[in-house]
Amino acid sequence: MRRVPPEMFRFTTGEKADLNGAVLEAFGVAGERLETALGLDGVREQLRAVGWVADLADEELHDALKRLVGWGLLDVVHNHAEHYRTAEEYERRNLHYSLTRRGEAALAGVRHALEVLASTGALQTAVLEAITDRLDELTVLSGEPATADRRVFSTLRELEGHLEALVENTKAFNGQLQRLLRAEGADLDVFREVKAATVTYLQEFLVNLDRRGEAVAEAVGRVEERGIAVLRERALRGAELPPVPGENPAAGWLESRRARWAGLRAWFLPDDGTHPRIEQLHDVARRAIVSLLQVLERINESRRRSSSAVQDFRELARWFAAASGEDDLHRLWSAAFGLGPARHAHLAHPDPELIPSSRSWSEAPPVEVSALLRTSGRTERFTRTGKVRDVKAVRAARAERARAQRAESARAWQVLELDGPVRLSSFGILEPAVFDRLLDLLGQALATAPDPNGLRRATSGDGRVEIVLAPPPDTRTAVLHTEKGTLAGPDYIVHVVAAGGTVGLSAPHTTTRQEAAG
């Protein structure tokens, strides 16, 4: 904090804070339009563009510009390229103002502060998947020639942007969650809705969080195997940094990339053997769910007024003392002690949480009372328990159907499983059951990303069979015929083996299915 100039954010305070901020924002909007310097008329025009509608005299605008120049936020230069016909024209058009580096930083800081105040944090699983995708893309780009340096740069910056979004959103959401847990005096109905929505949100985020974190860690390892230092050097060449007088920006740029990569490892694959921060996020989310439920329980308990016989009798004594006559005393006695028991008082609403305990009985919705309560003292009629249905036949039919499905699946895998890779077109005519399983395997394989060798792998739903799919070496079209129709598509190289077997497709060839079977 000592490196921040003391006058940097002075424009946000004082009587003229609105005018100072509007002038600085006007220069920021002009910079976005590539207008680096503004005269007095240009400043007025940009002020109208940012929404300043109040009348502003020239002297007042000059004072605002002078203040910003004195604080080091604006720089003023003389425009010697113009020709001035009058003194008034010289005064209005001679001085040009532009943002300094300190002014740009001050404006960016205020904009970021306003953005943080207006934003809410979020836990986004899509960011984790985007990080994995960018890491896999870096792995692929590491094997491409130097012409891909610009793509390496853009991919690396996208990766850093996703990591920054993950960190910032997580911190903001955690702070918002802790403020929610510390909230006092909140309306019970509102808090119940927020609690339910937050618990559901956290539970959805925790689904497959471990798997996503492990996928990112594995992707980080694959990138480092290719050489992260080399990738940073290639990204530096792709960044095409402009020359800066007196210093080389490359060293600082590389140091910033190393720090960002260290932050990525701290989240998913720490060097010191500690637990990744993504696991800590998992623990925080689970603790938050428990804490939210506990807070709701405490609020319910605090709003539930305990019954006190002492207070009730004291109130009754005051009523007796205020009674005007003996008849009133007898009626009060009969009302307080002569009533029969209310046998329906123990009944509750279908969802008691929707009715606060502090609500008066006269305002609460009625409770359904059984007609049997008056005659028998019971709310339900109990009859003989029904007979248990015999499910032996249903169980036998299901077992027979399961055996038939297993036998059909085994026959299909026996047809598809071969000793070596074959062309897809070699399968020719297939039975419907075999075709359905082959099509399912092909769909799962095509839905996965290719490995560094270009192969796609997938496993059947029962885990017994694995398919390895290699890209077709030519443009031939495979045509498969079944009783239900015909399928046409690229003639891939297919190898179907038992799961866990050794599969190699390093050199795709055009072996037919008949040759492999022979």
Side-chain angles (χ1 to χ4, degrees), residues 121-144 148 151-174 201-235 254-289 444-445 447-459 463 466 468 499-500:
L123 303 177
Q124 300 166 331
T125 56
V127 177
L128 298 176
E129 297 174 356
I131 291 176
T132 305
D133 294 339
R134 297 292 80 77
L135 288 170
D136 292 338
E137 188 174 349
L138 284 176
T139 303
V140 175
L141 290 174
S142 62
E144 296 189 3
R151 291 177 57 195
V152 172
F153 163 73
S154 61
T155 304
L156 184 59
R157 292 311 305 268
E158 288 179 12
L159 172 64
E160 294 176 353
H162 290 315
L163 177 63
E164 183 177 357
L166 173 66
V167 175
E168 294 299 328
N169 283 332
T170 301
K171 290 193 300 184
F173 181 81
N174 188 42
Y201 183 80
L202 290 171
Q203 290 174 341
E204 292 177 354
F205 175 73
L206 291 178
V207 175
N208 295 329
L209 178 61
D210 294 337
R211 182 182 59 81
R212 291 188 176 96
E214 292 174 359
V216 175
E218 294 173 358
V220 169
R222 288 193 295 268
V223 173
E224 292 186 341
E225 288 178 0
R226 299 298 184 95
I228 184 60
V230 177
L231 278 176
R232 280 196 290 263
E233 293 291 342
R234 293 184 61 181
L254 289 175
E255 182 61 30
S256 178
R257 303 288 78 72
R258 280 191 288 269
R260 298 290 182 88
W261 188 263
L264 178 64
R265 288 190 61 93
W267 268 88
F268 300 99
L269 194 64
D271 295 325
D272 53 3
T274 58
H275 292 288
R277 294 178 186 174
I278 194 67
E279 294 184 4
Q280 300 176 10
L281 180 60
H282 191 281
D283 297 337
V284 169
R286 290 193 177 277
R287 288 197 300 268
I289 293 176
Q444 294 184 35
T448 60
D451 60 13
N453 296 326
L455 303 180
R456 302 174 186 265
R457 301 173 181 268
T459 306
E466 180 182 10
V468 181

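For the single chain, residues carry numbers from 1 onward in sequence order.
- For the pair Arg212 and Thr132, the minimum side-chain heavy-atom distance is 4.5 Å or more.
- When every heavy atom of Arg260 is checked against every heavy atom of Leu163, the shortest pair comes out as O-CD2, 3.7 Å.
- In this structure, CZ in Arg151 is found 10.0 Å from CZ in Arg234, a value given to the nearest 0.5 Å.
- None of Asp133, Ile131, Leu128 except one satisfies the side chain to side chain contact (heavy atoms under 4.5 Å, CB included) rule with His162; the exception is Ile131.
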Evaluate salt bridge (Lys or Arg N to Asp or Glu O under 4.0 Å) for Glu225 paired with Arg222, printing each intermediate quantity in order. CA-CA 5 Å; Glu225 288 178 0; Arg222 288 193 295 268; over 6 Å; no
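- Side-chain atoms of Asn453 never come within 3.5 Å of backbone atoms of Leu455 as a donor-acceptor pair (strictly under, hydrogens ignored).
- Note: Glu224 CD to Leu231 CG = 10.5 Å, rounded to the nearest 0.5 Å.
- Val140 and Glu144 make their closest contact through O-CG, 3.7 Å (heavy atoms, listed as atom of the first residue, atom of the second, distance).
- Note that CG of Asp451 and OG1 of Thr139 are 11.5 Å apart. Values are rounded to the nearest 0.5 Å.
- Heavy atoms only, all atoms of each residue included: Gly143 and Arg226 are closest at N-NH1, 4.2 Å.
- Side-chain contact between Glu233 and Leu254 is present, with at least one heavy-atom pair separated by less than 4.5 Å.
- Smallest separation of non-hydrogen atoms from Asp136 and Ala219: OD1-CB, 3.8 Å.
- Comment: Arg211 does not engage Glu214 in a salt bridge, judged by the lack of any side-chain N to carboxylate O separation of less than 4.0 angstrom.
- Summarising the geometry of Phe268 relative to Gly213, their closest heavy-atom pair is CD2-O, 4.0 Å, with the distance given to 0.1 Å.
- For Arg134 (side chain) and Thr155 (main-chain N/O), no donor-acceptor pair under 3.5 Å exists by modelled atom type.
- The shortest side-chain heavy-atom distance between Thr448 and Arg457 does not fall under the 4.5 Å cut-off.
- In this structure, Glu158 CD and Phe153 CZ are separated by 10.0 Å, a value rounded to the nearest 0.5 Å.
- Distance CZ/Arg157 to CZ/Arg257: 4.5 Å, rounded to 0.5 Å.
- Smallest separation of non-hydrogen atoms from Ala445 and Ala458: N-CB, 3.5 Å.
- Just one of Val223, Leu166, Leu159 meets the side chain to side chain contact (heavy atoms under 4.5 Å, CB included) condition when paired with Leu264; it is Leu159.
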